[in-house]
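Have a look at the structure below before the remarks.
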Amino acid sequence: MLFACVYSITESQQDLSSGLELLRSRKGHSIVEFIYDAAKQEIPIDVIKKQLHVA
């Protein structure tokens, strides 16, 4: 979940609230949902990053 929070803050270049609002209004929201759902299933962050093709 922390990864999803950092991602949304980084994308908005503001705060978490602004980041979530921004992502809800565009495709990035589905990425955050994916990360959040994976985190709830206790999937390791390395596996999530590999699935998203990020470093």
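Quick note: numbers below take in every heavy atom, side chains included, and nothing from hydrogens, waters or symmetry partners.
- Y7 and L2 sit in two unconnected hydrophobic clusters of ILVMFWY residues. Membership requires side-chain heavy atoms under 4.5 Å apart, directly or through other members.
- The closest donor-acceptor contact from the side chain of S18 to the backbone of Q14 lies at 3.5 Å or more, if one exists at all.
- A single hydrophobic cluster is not seen to contain both F34 and V6; linkage of ILVMFWY side chains at heavy-atom distances under 4.5 Å, directly or through other members, places them apart.
- Of the inter-residue distances, the one linking S8 atom OG with Y36 atom OH reads 13.0 Å to the nearest 0.5 angstrom.
- With contacts defined as side-chain heavy-atom distances shorter than 4.5 Å, the pair I35/L52 qualifies.
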